[in-house]
Amino acid sequence: MIATTVMFALTGMGATAQTAAQTERDATHNQLVLTQHDGITTYYDADELTAIDISSDKATLTVGSGTLTVDRLQNLHFVKATKPLPATVVNTSGRVVISEASGWCESAYAKFELMDGAKAYNAYIAGGQYADFTRVDRQLVRNYGTYGRVDVVGLPAAYGYSLRIVPVDADGNEMTEAANTATGINVNSYSREGFAHKNWSGVGAYNDNGTLKDGARVLYVTKHTAKTVTCQVTTSSKGGTTECTGLQTIIDAYQKGYDTTPLDVRIIGCLTAADMDAFSSSAEGIQIKGKKADSELNITVEGIGDDATIHGFGFLCRNAKSVEFRNLGIMRCMDDGISLDTDNSNIWIHNIDVFYGKAGSGDHAKGDGAVDVKADSKYVSVDHCRFWDTGKSNMFGMKSESGPNYISYHHNWFDHSDSRHPRVRTMSVHVWNNFFDNCAKYGVGATSGASVFVENNYFLKTKKPILSSQQGTDALGSGTFSGESGGMIKAYGNHFDRTVANFRYYTQDAPASTGYDAYETATRSEALPATELTRVGATAYNNFDTDTALMYDYQPDMAADVPEQVTGYYGAGRMNHGDLSHSFKDNVGNDDADSTVDSQLAALIDGYSSAFVGFFGEQEGEQGDEQGGEQGGEQGGQDDGNVNPDGTITCSFDKQGTPSNAFFTVSGNGSNSKGSCTLEDGTVLTTCLKMEKDTYIRFTTTTPMTMSLYFADTETGSIMIDATMATSDSHILTQQLEAKEHELTKAEIRNLFYIKLVPTEADE
């Protein structure tokens, strides 16, 4: 933040003057932003202003009972606060206390106090696609020791969601009289502007409206379950499936190329290298790889809540199409935080906090790359990410690419990071609405014939904001960042804070003897002349951004608004800016030019641990095997009793096929249009699980039991039980089960409405 001091005279005090420091930039307040001709920007809280008088190039403000004058005015505008609409919560005696509730990007959350007598908690969501309160997956309701938290993801943007918290007693009964509800929750959309979404709908496991794709598999992964989580994956051309155990093993199974079922990997808490079952990339960590170039995978890796963190490794993508990374922190990765290496396309990386990597010598003290895109990877978006003092932040392109490879880079926060924001070879890259916040070495760098459009970015205390190899600023002295041939940069609408020492930026209008850093245009749509060539390499700008067949639709913010947009509630990094807090020391020890390791930040990273304890109803360390649970676009289902006092276990299904009882692990689709089923007591059910090719139901009985399966009233029973076909002449099928693991799969097309397991009496 720029710390300037201005004079103001208090009304009625004659010539007496006092000084007042300007207000700091604060994305939680409505503010007036004044920009002077030298690039200095000052901020004033709007609710403190009573009048503004503009004359010539000055602005006189009335603030409270005083006035102040700002000279050399270039621009004046207001910035709206970026904070969420508050949810409505009424906490009364005898009900669970909801301490915090809000919406975010395609998600909603609530924190609540733990109640005496409650062993667990159920959570229900209503609004948006949920006409009635619908129970969310139990893994989304977590224990943080001193409080509980629920996060609901996969929500389309809408106002008016409600989130209900219901305590559960030691007998498994809901304490409905103690339930409480947060209402009026507002949910925003993620930005889907950028090349990742060009000619592709639904990157990863989610649809463009924020909901899960039909049939999507969901894996919940914690430090307890990364080695034991299971999923059934198609691994042969004939449709044969394999039960895969362990996160990397499951992802590896997709490499065979026979399964494109959307896969949503949900990380909960902190996951370390020691927690993993395996790494298929010895250099990076988790590898997500297709069978051949641009193989459709439809995989999302996302964090749940504000503390989802990867510690000690990163991710490598190869031959992958339709992969998304969202809402994660990455600390002390082996090499790169996220590396896109070799023939990837439609990759979306957003809302990631990238911290220091593995410490090395020399220029690797902060690790290597944060996010690197290379080896003919294309149609990639990196947006709303926060780079915490990273050294080599982003490299786009190696020396072998022929280009162009289309990359978008927008609304990122380079928070005191050093260089490569990004460093581009050969590729066509759109860099827009990023906040360069005290970057020690340089901002954007282009080499090797790259074409880079740098638009409406905000450069704060960045000495060398834009560089083209071997010309302009980079050609001064011994050069700054590359000895390669140059890349051409088009620039428009950027804000430069020129108060930083030795600030240098040359345009074609004021060329130095060595050439210019960027070609400034008068409008966004202006094409660069073909006669403009790099000084070394003689390559021209390819004008990709003015070609409607190549470019995507987007609406950039004004550069002056970027700091508020990027640092605000819906800005860069994880939800609520994550659970790690650290303030850099601006204006102390020339921090903007300091590229050394921040020892306090390094200590926070090295000592980091999540406060996540476990899921309610389970003890830490006893999380068990979390299997691929949810299928289809919505979550949850009503709990219809689970285990009765006589030991009977029952289960119904909602219209998405989600079981009401967590005793059963289900993969399949549901329906509410397959007729009805009548139980012995006259109860009529209208929602079912469709027994199709990939449907399965798994459970384990510890004693012999009698199983009754209830199909549609118009159907006869038909199903595979432990790979053996079973049939009946009525809509109820009864089978004796031994004490062991069991699996139900399709025999013929049927619709299963209800399962009942009754303990078998021992022979006397």
Side-chain angles (χ1 to χ4, degrees), residues 135 138 171-173 232 627 629-632 636-764:
R135 184 176 168 185
R138 67 180 182 86
D171 295 325
N173 300 311
Q232 201 82 10
Q627 297 179 328
E630 178 185 339
Q631 278 258 11
Q638 300 291 333
D639 190 328
D640 71 349
N642 293 322
V643 181
N644 296 311
D646 63 357
T648 298
I649 300 172
T650 59
C651 179
S652 59
F653 305 91
D654 68 10
K655 64 181 180 180
Q656 284 76 44
T658 307
S660 65
N661 193 333
F663 180 81
F664 301 90
T665 297
V666 176
S667 173
N669 299 311
S671 177
N672 61 354
S673 62
K674 299 297 182 181
S676 61
C677 173
T678 305
L679 305 184
E680 291 96 338
D681 63 0
T683 300
V684 177
L685 304 178
T686 58
T687 56
C688 67
L689 176 70
K690 296 188 292 184
M691 298 304 298
E692 300 171 314
K693 180 181 69 172
D694 294 327
T695 304
Y696 64 78
I697 304 167
R698 298 190 185 123
F699 58 96
T700 301
T701 57
T702 57
T703 62
M705 305 194 83
T706 301
M707 177 178 68
S708 296
L709 304 177
Y710 297 74
F711 299 92
D713 289 337
T714 57
E715 297 176 338
T716 57
S718 178
I719 200 165
M720 300 295 292
I721 302 175
D722 301 330
T724 300
M725 188 169 185
T727 61
S728 69
D729 294 332
S730 72
H731 77 288
I732 303 175
L733 187 155
T734 301
Q735 180 83 15
Q736 298 300 315
L737 299 181
E738 299 176 7
K740 66 172 187 176
E741 294 181 359
H742 300 284
E743 181 180 63
L744 310 181
T745 55
K746 173 197 168 190
E748 301 173 275
I749 295 177
R750 290 292 189 271
N751 299 288
L752 180 63
F753 286 76
Y754 196 67
I755 303 173
K756 182 168 68 174
L757 299 176
V758 180
T760 302
E761 295 183 4
D763 294 333
E764 296 183 353

Rounded distance (nearest 0.5 Å) linking atom [atom1] of [X] with atom [atom2] of [Y]:
| X | Y | atom1 | atom2 | answer |
| --- | --- | --- | --- | --- |
| L685 | C677 | CG | SG | 5.5 Å |
| Q735 | D722 | CD | CG | 8.5 Å |
| H742 | M705 | NE2 | CE | 9.5 Å |
| T695 | L689 | OG1 | CG | 5.5 Å |
| S667 | D694 | OG | CG | 7.0 Å |
| Y710 | C651 | OH | SG | 13.0 Å |

If only atom types and distance count, is the side chain of [X] paired as donor or acceptor with the main-chain N or O of [Y] below 3.5 Å?
| X | Y | answer |
| --- | --- | --- |
| D713 | T678 | yes |
| T687 | F653 | yes |
| D171 | N173 | no |
| S728 | G717 | yes |
| R750 | T716 | yes |
| T701 | L737 | no |
| N661 | T650 | yes |
| N751 | K690 | no |

Does atom CD of Q736 have more than 12 heavy-atom neighbours, drawn from other residues, nucleotides or ligands, at distances under 6.0 Å? yes
Atom of [X], atom of [Y] and distance for their closest heavy-atom approach:
| X | Y | answer |
| --- | --- | --- |
| K674 | F753 | O-CZ, 3.8 Å |
| I719 | I721 | CG2-CG1, 3.6 Å |
| R135 | S660 | NH1-O, 4.4 Å |
| T700 | F663 | O-CZ, 3.1 Å |

Do [X] and [Y] touch side chain to side chain, with heavy atoms closer than 4.5 Å?
| X | Y | value |
| --- | --- | --- |
| I697 | L752 | yes |
| T760 | T706 | yes |
| L744 | L709 | yes |

Working for side-chain contact (heavy atoms from CB on, under 4.5 Å), residues T686 and N672: CA-CA 6 Å; T686 58; N672 61 354; 5.6 Å; no
Pair Y696-V666, side-chain contact (heavy atoms from CB on, under 4.5 Å): steps then yes or no: CA-CA 6 Å; Y696 64 78; V666 176; over 6 Å; no
S718 side chain to T727 side chain, donor-acceptor N/O pair below 3.5 angstrom: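 No, no side-chain donor-acceptor contact under 3.5 Å.
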Between Q656 and N669: side-chain donor-acceptor atoms closer than 3.5 Å: no
Ring center gap for F699 and F664 short of 6.0 angstrom: yes
Under 6.0 Å between the ring centres of H731 and F711?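 Distance test on ring centres: not under 6.0 Å, no.
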So does K746 pair up with E748, basic N to acidic O under 4.0 Å?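 Judged by the 4.0 Å cut-off on N to carboxylate O distance, K746 and E748 do not form a salt bridge.
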